[in-house]
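What you see below is based on every heavy atom in this structure, not just the backbone, and it leaves out hydrogens, waters and symmetry mates. So you know, we letter chains A, B, ... as the sequences are listed, proteins then strands, and number each from 1.
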Amino acid sequence: MATVSVCQYHRGGFSFENCKRNALLEADINKLGFSSPAARKTGTTICGVVYKDGVVLGADTRATEGMVVADKNCSKIHYISPNVYCCGAGTAADTEMTTQIISSNLELHSLSTGRLPRVATANRMLKQMLFRYQGYIGAALVLGGVDSTGPQLYSIYPHGSTDKLPYVTMGSGSLAAMAVFEDRYRPNMEEEEAKRLVRDAIAAGIFNDLGSGSNIDLCVITKGKVDYLRPHDVANKKGVRTGNYRYKHGTTGVLTKAVTHLNLEVVEESVQTMDTT
Amino acid sequence: IVSTFNNYNDLYPDWTQREVSTGTTIMAVEFEGGVVIGADSRTTTGAYIANRVTDKLTPIHERIFCCRSGSAADTQAIADAVTYQLGFHSIELDEAPLVQTAASLFREMCYRYREELMAGIIVAGWDPRRGGQVYTVPVGGMMTRQPVSVGGSGSSYIYGYVDSNYRAGMSKEECLKFTAEALTLAMERDGSSGGVVRLAVISEQGVERQVILGNQLPKFSTV
């Protein structure tokens, strides 16, 4: 019997291969006076809750590029269909494009069926697409809406698994938000209470997670009506400066003045008109 | 059930490296006239519990269920695909499908894509030809019929309990008690299993589902 050598694929779990190398590198870098780069977070806090008449979706508005805030007021609650909206965490481009693709396909599907689209349909389409890409599309979504079957809320993970739950949170601030939900969630809440709960959950993410910040956006979806509240709560207003760096003319005394004229000859003058139609 | 992310996609603070082990305890027992199936309700992403009330007992057809363990994404996708295939087959046949057919469909998919998938599935149900049946399709894609089967990371802790306490010819109530106790013991010891115990009885009459909440679980030693 011939022995066939099979390629040993990585068995999973933590790989300790690079630890020794990393330790040496760390020591070298520290000797030179620098520090090694810190881990990056794709920050966000998004959440959703099912209440008596529908669902409330919430999101913060900070988009980060490494340790820098790239957008202080980005919109993370995406339109899927008139009765279905989707919050996105993870890679911004992936969440944006994925939700747009499914929104487009869902509109075509809705025209074909002649019915208002269902949340479960959007969920199926999203999970099948994300599974096909085996997790390389980094989109973690909170999908919520109201259809003929009632209000529904799904959490969708990048690898394509979904959970249908009464309350969900996603993103780096999800633990802070989930703590608020686990404490105060009740089934069949009134609209105001549900909005307060989502607002507080996102606020917990904003103030306790470095990757989340700025304002709180809310989206209340009920049968036949959608309230897109952006911003619902400006939790981080930019402060007003108390001082001014403008100085009056004459503050700095002029000791000497030297003016050098540049003798320039006009060689060519041409006019190019712009088409402003 | 494990929801996993790529290492470079830091969606959650990674306190621990993501677990590749099948975080779950699932179980199925045959009895005269049907099967009893059970599962815990925990889905983990590393050390965070993403869903503490998961339903791992997925209907594939009217009287055929599957218990899912392993990657949440993989098992959900496989279950959806098999549900479709079995539904189509059943309409073609104009008959209730056999449990063995469902198990074969699972095996076919799990074996063909064994390198890409991480799925440990127990298929259980009732059909008019052979009554209650339990088929296990573990990671790798083997398929075999067993009177009692356990799966998932928590199963390691209860093989002894199951082997010593299973008797052939148990009644439905005895099977329910046996399953609930075995799952409770596994949940007690396995960190990736927990939450509530979900049970289902599949027989000629249909499917009866029940949930045993945390404080109602059977109590063992108080150590």
Should we count [atom1] of [X] as having more than 12 external heavy atoms under 6.0 Å?
X        : atom1 : result
A/Lys20  : NZ    : no
A/Tyr185 : OH    : yes
B/Asn215 : CG    : yes
A/Arg118 : CZ    : no
A/Glu96  : CD    : yes

- For A/Tyr51, check ring pair (Phe, Tyr, Trp, His ring centres under 6.0 Å) against everything at least two apart and list the hits. none
Which pair of heavy atoms, one from [X] and one from [Y], lies closest together, and at what distance?
X        : Y       : answer
A/Ser161 : B/Ala73 : CB-N, 3.4 Å
A/Tyr157 : B/Ala50 : OH-CB, 3.2 Å
A/Ser174 : B/Tyr48 : O-OH, 4.5 Å

- Task: List in chain and number order the residues that pass side chain to side chain contact (heavy atoms under 4.5 Å, CB included) with B/Thr58, two or more places apart in sequence or in another chain; answer none if no residue qualifies.
- Result: B/Cys66, B/Arg68, B/Ala79
- Query: Between A/Ser155 and chain B, which part of the residue has a heavy atom less than 4.5 Å away: side chain, backbone, both or neither?
  - Reply: neither
- Item | Region of A/Lys127 that comes under 4.5 Å of a non-hydrogen atom in chain B | side chain
Any chance you could measure [X], atom [atom1], to [Y], atom [atom2], to the nearest 0.5 Å?
X        : Y       : atom1 : atom2 : value
A/Gln128 : B/Asp80 : CD    : CG    : 6.5 Å
A/Leu165 : B/Asn51 : CG    : CG    : 4.5 Å
A/Met178 : B/Arg52 : CE    : CZ    : 7.5 Å

- Contacting moiety of B/Asp74, where chain A heavy atoms sit under 4.5 Å: both
